[in-house]
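Working notes, beginning with the structure itself.
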Amino acid sequence: MNNYLEKLNDEQKLPVLHKNGPLIVIAGAGSGKTRVLTYRIVHLINKGVDPFNILALTFTNKAATEMKKRISEIISESISKNIWMGTFHSVFARILRSEAPLIGYPTNFTIYDTYDSEKLISNIIKELQLDKDNYKAKKIRNRISSLKNNFITVDGYFKNPELLEIDKASKTEEFGKIYKEYVRRCFKACVMDFDDLLLKTNELLNKSPETLLKYQDKFKYILVDEYQDTNYSQYLIVKSLADRYENLCVVGDDSQSIYSFRGANIDNILNFRKHYPDSKSYKLEQNYRSTRNIVEAANSLINHNILKLDKTIWTNNNIGDKVILNKSLSDADEGRFISSNIFEMKSNFYLKNSSFAVLYRTNAQSRSIEDALRKINIEYQVFGGLSFYQRKEVKDILAYLRLIENINDEESLRRIINFPPRGIGQATLDKLMILSNEHDVSLFDAISKINPNTKRFSTRTIEKLENFKNLVLSFKIYSNSNNAYETTSLVINKTKLIDFYRNEGTLESSNRIENIEELLNGVNDFIQQQSEVFEGDNSLSKYLQDVALYSETDKDIHSEKVSLMSIHMAKGLEFPIVYVVGLEENLFPSIMSINSREEIEEERRLFYVAMTRAKEKLILSHCEQRFKWGNIIDCEPSRFIGEVDDKFLQRNNTNKNYITQKINENKLRLKKIPNRSFKKIKTNTISSFKKYKINININDKVYHDRFGEGKVIEIEGEGNNIRANINFKINGEKKILLKFAKLKILK
DNA sequence: TTTTCAAGAATTTTT
DNA sequence: TTCTTGAAAA
């Protein structure tokens with residue numbers, strides 16, 4: 001045990017040494033917040049607190065892992081592993097896994113993500129025969145989510161005249177009906193959505209005083225990171241758990257509250273002193289991360305916000321370069337500026353790709369940056385957007401797995417009952433739904449309730465349904481005595497999904513096959529990890545639990561790649577060189593937020609977060625025109641640019657070749673750009689493709705790993721789509737995408 | 001029931 | 001532009 005207290009400055013030491021009772025730490029960007037949390041936990045343990053009695057709630061799983069690692073380095077891993085640490089969602093999912101029966105749920109409940117919930121809601125809207133122009137599934141889901149995050153149940157909704165009035169005014173009088181049915185269906189399917197993990201935890205703690213007491217006694221010390229982004233439900237949970245001992249430590253920065261769309265309530269942090277009158281308040285104001293220019297530029301921006309706690313962030317660091325402000329003609333131009341700038345800096349300062357991050361307001365903006373980086377072969381990694389686990393083929397296989405685990409899961413069943421096609425269409429599904437309501441059983445169990453005499457189903461259909469049922473049941477039995485990897489392999493083999501995609505033979509299906517293989521590798525990694533953990537659990541059930549709460553923020557940053565991500569995703573991270581792109585009105589601040597002062601303030605905080613990610617250099621960028629849905633749109637510079645004090649800015653005037661660039665760009669646009677509708681996971685396949693491109697000719701004899709020996713008949717397509725029609729000796733004629741095929745040319 | 005095709009809609013951030 | 005949805009054809 002080294003002397004950790006020496007590694008803290010005076011203002012950091014105070015909250016670490018604070019003994020019992022509530023405390024709040026207002027920690028400016030880059031002020032060593034994680035360090036304080038880490039050392040406070042170490043200090044508590046040092047002073048005799050049992051690690052079993054500590055609960056630390058973080059914003060991402062990665063942050064938890066990171067903190068655990070740091071603690072392990074100071075004290076031993078055998079001690080630190082006993083601390084409960086994780087996101088609200090994962091910690092309380094874990095608790096619900098054992099306590100769910102107390103609120104009528106089984107322990108093997110499935111967790112729905114946003115997409116699943118929306119699907120279910122849109123089904124309900126259809127069933128209730130509501131006008132879908134008025135009742136948009138997405139909006140309804142958001143509304144349900146925000147009610148749940150404010151701990152307003154269905155009953156609470158119907159008892160609240162104001163809420164009813166709102167729905168009446170917006171012509172969605174039936175909202176309550178949808179909410180009620182949604183909750184009923186989730187319950188019936190043994191499903192919780194993200195918001196339920198918090199809402200049901202509150203229900204559990206309210207309903208069962210013994211359970212509340214049990215966890216109050218267990219978690220004698222509670223620490224909450226990123227407190228500014230907690231919602232009301234989370235506030236309630238923390239409040240009930242901390243009620244007995246009041247050893248609650250919350251850390252956050254009101255200037256970095258950026259999740260109100262997810263229910264985050266900045267009042268939680270602003271009113272902490274009111275909620276806990278006996279609490280002590282500490283401030284961390286010294287920034288260790290960024291140069292003085294960056295810190296002060298960011299300060300000058302955030303000073304435009306009215307709603308904030310009083311604090312002054314300062315730094316002892318070097319003054320550094322001024323913040324660069326770039327103006328480009330178009331989004332493509334902006335991409336080119338960034339890629340060439342990265343290239344230049346890399347060679348001037350011997351930097352790794354991982355020193356750079358490009359941050360944007362919306363995920364869609366990554367494309368122009370990706371294109372530009374790809375063109376000059378700079379490796380990059382995109383975070384967020386369509387994540388791996390949201391891809392169709394991956395979700396399909398997960399749906400099989402989830403159905404195996406929880407046979408009542410309605411959405412998973414709907415997803416795969418006819419995929420790959422087995423002749424069970426909408427009409428059959430509708431009838432099955434009626435049957436399930438009649439007998440009050442799940443969709444899956446409704447199959448067993450079919451009575452051949454009632455003639456609702458044809459014999460042919462009954463047979464198909466029976467086959468499906470038996471297939472799933474055989475998977476289920478197999479999974480009881482086999483691990484997650486073996487079960488997943490079995491599912492992939494028996495459903496012949498890879499063959500299904502192989503037969504399609506398109507570039508897209510090749511991509512899908514790759515992703516399925518990637519998923520299988522992921523399951524294998526999981527098995528490996530579990531084998532290294534004491535009493536590891538390699539069951540399907542454990543795997544699904546892990547996957548449900550995995551998020552893009554948990555993804556590792558690759559040391560040889562430039563990071564591309566939304567600003568939201570960049571929270572908590574830092575990079576030597578940061579580009580913030582698309583600083584234009586209606587984009588940043590978003591067009592959705594320009595109508596209210598509060599929302600503009602949140603956008604400003606978002607920009608503040610973006611700026612303070614940078615350690616050495618910060619480059620801001622905006623364009624005059626942007627390509628959007630096939631149209632060119634003129635863009636005004638963001639109001640935020642003008643709010644950064646000019647003395648910290650240096651305007652970039654490198655774009656001398658405006659006109660030639662514009663002409664070239666238009667030429668490019670006229671040329672049909674190859675279809676890029678699928679995002680790549682592995683960026684390196686592109687470069688390997690280039691090598692193949694030229695090598696193959698008609699009449700070449702080739703060897704393919706799967707199909708064996710064959711002869712090239714024709715070559716067609718362009719760019720990424722180049723395909724060779726090959727006649728294989730054993731497998732016959734097949735179209736192969738050169739981008740992915742590992743072909744050997746035989747002499 | 002499945003496949004195909006055309007018209008229409010959508011554009012914010014995520015556990 | 002790209003994705004979704006719905007109707008018509010097979």
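Chain naming here is simple, since letters A, B, ... match the order of the sequence lines and numbering starts at 1 in each. In this text, all values refer to a predicted model and were calculated from it rather than measured experimentally.
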Sugar-phosphate only, base, or nothing, as touched by N418(A) at under 4.0 Å among non-hydrogen atoms: sugar-phosphate
Nucleotide of dT3(B), dT13(B), dT15(B) approaching R262(A) most closely (side-chain heavy atoms): dT15(B)
Length of the line joining E602(A):CD and dT13(B):P, which is rounded to integer Å: 14 Å
Value in whole Å for how far the P atom of dT14(B) lies from CZ of R141(A): 13 Å
F88(A) ring center near F194(A) ring center (under 6.0 Å): no
T114(A) side chain near dT15(B) phosphate (N/O to OP1/OP2, under 4.0 Å): no
For dT3(B), the Watson-Crick or wobble counterpart (both distances under 3.5 Å): dA8(C)
Sugar-phosphate, base or nothing in reach of S90(A), heavy atoms under 4.0 Å: nothing
Nucleotide dT13(B), atom P - distance to CZ of R604(A) in whole Å: 21 Å
Centroid distance under 5.5 Å and plane angle under 30°, F261(A) vs dT14(B): no
Position toward the 5' end of DNA chain B (nearest nucleotide), I591(A) or S551(A): I591(A)
Minimum-distance nucleotide to R361(A) side chain [options: dT2(B), dT15(B), dT12(B)]: dT12(B)
Sugar-phosphate, base or nothing in reach of K138(A), heavy atoms under 4.0 Å: sugar-phosphate
Interatomic distance where OH belongs to Y115(A) and P belongs to dC3(C) [whole Å]: 12 Å
For atom OH of Y550(A) and atom C1' of dT15(B), their distance in whole Å: 13 Å
Sugar-phosphate, base or nothing in reach of K136(A), heavy atoms under 4.0 Å: sugar-phosphate
Between dT14(B) (P) and D193(A) (CG): distance, integer Å: 18 Å
Sugar-phosphate, base or nothing in reach of T60(A), heavy atoms under 4.0 Å: nothing
Of Q426(A) and M569(A), the one whose closest DNA chain B nucleotide lies more 5': Q426(A)
Pair F607(A) and F588(A), ring centroids less than 6.0 Å apart: yes
Counter-base of dT12(B), judged by Watson-Crick or G-U geometry with both distances under 3.5 Å: none
Under-4.0 Å side-chain N/O to phosphate OP1/OP2 contact, R422(A) with dT2(B): no
Distance-only polar pair, side chains of D254(A) and Q228(A), donor-acceptor under 3.5 Å: no
P atoms of dT4(C) and dT13(B), separation to the nearest Å: 15 Å
Atom-pair distance (CZ on F383(A); C1' on dT15(B)), nearest Å: 17 Å
Options dT15(B), dT12(B), dT14(B), nucleotide nearest the side-chain atoms of M592(A): dT12(B)
Out of dT14(B), dT15(B), dT12(B), whichever nucleotide has its closest atom nearest the side chain of H568(A): dT14(B)
Nucleotide dT14(B), atom P - distance to CD1 of I258(A) in whole Å: 9 Å
Donor + acceptor pair across side chains of E602(A), S260(A) (<3.5 Å): yes
Contact under 4.0 Å: N363(A) side-chain N or O vs dT13(B) OP1/OP2: yes
S590(A) side-chain proximity, nearest of dT15(B), dT12(B), dT2(C): dT12(B)
Nearest-neighbour nucleotide for the A427(A) side chain, dT3(B), dT1(B), dT12(B) considered: dT1(B)
Touch class at under 4.0 angstrom, heavy-atom based, for F88(A) against every strand present: nothing
Residues I632(A), R626(A); criterion side-chain contact (heavy atoms from CB on, under 4.5 Å); working and verdict: CA-CA 6 Å; I632(A) 294 170; R626(A) 194 167 277 282; over 6 Å; no
Lys/Arg-Asp/Glu bridge criterion (N-O < 4.0 Å) met for D371(A), K375(A): no
S593(A) (side chain) and dT12(B) (base): donor-acceptor pair under 3.5 Å: no
Side chain of T553(A) (C-beta onward), nearest among dT14(B), dT15(B), dT12(B): dT15(B)
Among dT14(B), dT12(B), dT1(B), the one nearest T428(A) by side-chain distance: dT1(B)
Ring centres under 6.0 angstrom apart (F640(A), H622(A)): no
